[in-house]
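Input: a single structure, listed below in structure tokens.
Nothing fancy with the numbering, it's 1 onward along the sequence. Computed over heavy atoms, backbone and side chain alike; hydrogens, waters and symmetry mates excluded. All ligand and atom numbering here is 1-based and tracks the order in the structure.
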Amino acid sequence: MCGIVGYVGPKDAVPLLIEGLKRLEYRGYDSAGVAVRRADGALDVRKCVGRLSNLEEALEAAPLAGGLGIGHTRWATHGEPSEINSHPHIDCSGGVAVVHNGIIENYLELRAELEAKGHVFRSQTDTEALPHLIEEILKGGETSHAGAIRAALRRARGAYALGIVFRDEPGVLYAARCGSPLIVGVGEGEQYIASDVPAILNRVKKVIYLNDGEVAELRASGATLSKLDGTPVVPEVKTVTLRAEAAERAGFETFMLKEIHEQPRVLRTLLDAHVGKDGVVNLGPASALIDEAATGLRRVLILSCGTAYYAGMYGRLLIERWTGIPCETDLGSEFRYRGPRLPENTLVVAVSQSGETADTLASVRLARKMGCKVLGICNVPGSTLLRESDAALLTQAGPEIGVASTKAFTAQLMAFALLAIRMGRVRGALDARRERELTEELARIPDGIHRVLDKQDDVRAVSQKYYECFNALYLGRRFNYPVALEGALKNKEISYQHAEGYAAGEMKHGPIALINEFLPVVCLCTPTADEVHEKVVSNLKEVEARKGRIIAVVAESDRTIRGMAQDVIPVPETIEEFSPMINVVALQLFAYFNAKLRGADIDKPRNLAKSVTVE
Ligand code: G6P
């Protein structure tokens, strides 16, 4: 979703703003803009619809120079993608420019009030209320810019991360946060702001994570923080441990392909961090909460959105199987409005790659209000989710830049496997021998994924036959039902081929009506040894009888399914519980090659955002 970058210091701001915004392109956007305070004292704005390259061209045609500036990539919420609606937004007199992520919920009320006082609005956005409100407060006698920002934000309801510059105050960059992430990058004689660490990873090694309700006043020499009531806050400077290369493509044609290939390493890292040489799972700092909770737990509730929700569905199956604790899942956007009833001793497990998804965070806050402890499974250290959780299980996948989640998803699956084993042991539902068997099997998963990746050309050959189809159906059962959902999601997200994931047993209750000789049906048929395999085979027979085109993900040793399917994608076998981690990689590749053959912009799929920070 929208990206923010800001700079104050001795260098020319524009190239730094553009470079930072490029590093945030993955978040998804439809227009972009910058505001720079020029040396001659003017505050100048350039905005463009579409890609950042359009903005670059506009800046080449009419250059902007100055050492103080803010930049923004917009993902439209209020008002269509247009030059007028893109950020930065300014007040009537051009004295203040604002970039904003989030939503000002009472903007209509503020706008009406300000229009009545003579302010002229140019855009349809909620954001524009802020520069006008700041202008009005300054007109009313407030003398300090920081004071005007704080007063404006005391009136604004909703979520925001803000970058603000004033024409009459060279050398000061303002930032504020409530509900949308924002960091300050602390450099030597220069300061940055960014909505995400990768934007400035190559520029600074020290950051301040702003907290909700804080306003930062940044000068080249340093940062001053205050709360909305003006109380000073002592900034906590943290060192970023990520290396800049982590946010580079490393020779791959896209970030998504790079991230698909990183999965064996990511899973190995998680295993090394949490499984001892003796095969015992240790969840580090999260152990205390998990062990304490596991003994007296009555229920586990997993909350998440998007791909992370499918990881949660997988987690539920494992937790129920290995701990015996009833477990349910819910979407963040549903849970927060369903008037939930939670028994005492419910542990909430919130899953999120970014840790910033608005609906997941709102649900976590609601669950905490109801007295639940929260374990956050998350990929971003320092994220809002982790700061609001009682304990954290980091997925350690490194920055995920491709909008479509891949390595973060498999890392979430692995985190659930480790969590369920640990909880099962604490509850006494798994014994030490079983734990060792399971962790030994887990240790084989990264190699299994390697073998799928080694055969990616075979998957490409399958895509070659189907990429032009309009629709696809994905079927899986039990542990592979969430994989079918995730495979279909991946495909529609990046290739725009309509795809629907279904529990194979439900096919007869609807989707069977669609089956004909044109519909590809992707079916997850591994492992072969479990009780649902035969059922899957029967479901495939039903597809075959109606001349559906079957693409089966099968065990390398399989002989039965090959006879029924038009195409097979063989994958190494593991136990049913862990098969999703391998099977999903085959489906990621299938979606990837479909998208590539369809000529889609894979890392930046249309309309999607990497991190959905609004409801
Ligand atoms: C967006 C992303 C998805 C992601 C979902 C939840 O829709 O495009 O890839 O699964 O948000 O995000 P989270 O960061 O909470 O996992």
query: Among all protein non-hydrogen atoms, which one is nearest to atom 14 (O) of ligand 1, and what is the separation to 0.1 Å?
result: Ser354 OG, 2.6 Å
- request: Please step through side chain to side chain contact (heavy atoms under 4.5 Å, CB included) for the pair Asn607 and Asp30, ending with a clear verdict.
  value: CA-CA 8 Å; Asn607 304 339; Asp30 44 54; over 6 Å; no
task: Answer yes or no: is there an ion pair linking Arg316 with Glu328, defined by an N-O contact shorter than 4.0 Å?
output: no
message: I'd like to know whether ligand 1 has Cys305 as a neighbour, heavy-atom separation below 4.0 Å.
response: yes
- prompt: Among protein heavy atoms, which sits nearest to atom 11 (O) of ligand 1, and what does the distance come to when rounded to 0.1 Å?
  reply: Lys610 O, 3.9 Å
Per-atom contacts, ligand 1 versus Ser405 - under 4.0 Å to a heavy atom: 9 (O)
query: Taking only heavy atoms of Val403, which atoms of ligand 1 are found under 4.0 Å from at least one of them?
result: 8 (O), 9 (O)
message: Under 4.0 Å from a heavy atom of Val612: which atoms of ligand 1 are those, numbered in the order shown and with their elements?
response: 1 (C), 7 (O)
query: Is the shortest distance from a Lys or Arg side-chain nitrogen in Asp359 or Arg336 to a carboxylate oxygen in the other one below 4.0 Å?
result: yes
statement: side-chain contact (heavy atoms from CB on, under 4.5 Å) test vs Lys407 passes for just one of His261, Met256, Glu400, namely Glu400
message: Quick check: do Tyr496 and Lys492 have side-chain heavy atoms less than 4.5 Å from each other?
response: no
- request: Indicate whether any N or O donor in one side chain lies under 3.5 Å from an N or O acceptor in the other, for His498 and Asn471.
  value: yes
- request: List the atom of Ser405, the atom of Lys490, and the distance in Å for their closest heavy-atom pair.
  value: O-NZ, 2.8 Å
query: Gln588 and Tyr592: side-chain donor and acceptor closer than 3.5 Å?
result: no
statement: Note: ligand 1 atoms sitting under 4.0 Å from heavy atoms of Ala308 are 10 (O), 16 (O)
task: Could you tell me whether ligand 1 has any atom less than 4.0 Å away from a heavy atom of Ala609?
output: yes
message: For Lys596, is the NZ atom crowded, meaning more than 12 foreign heavy atoms sit under 6.0 Å from it?
response: no
query: Do any nitrogen or oxygen atoms of Thr357 come within less than 3.5 Å of a nitrogen or oxygen of ligand 1?
result: yes
message: Can you check which of Glu400, Gln412, Lys490, Gln353 brings a heavy atom nearest to atom 16 (O) of ligand 1?
response: Gln353
- prompt: Quick one: does Ser352 get an N or O within less than 3.5 Å of an N or O on ligand 1?
  reply: yes
message: One residue to check: Glu356. Relative to ligand 1, which of side chain, backbone, both or neither has a non-hydrogen atom less than 4.0 Å away?
response: neither
query: When only distance counts, is Ala404 in polar contact with ligand 1, meaning an N/O pair under 3.5 Å?
result: no
message: Using a plain distance cutoff, I'd like to know if Thr307 has any nitrogen or oxygen under 3.5 Å from a nitrogen or oxygen of ligand 1.
response: yes
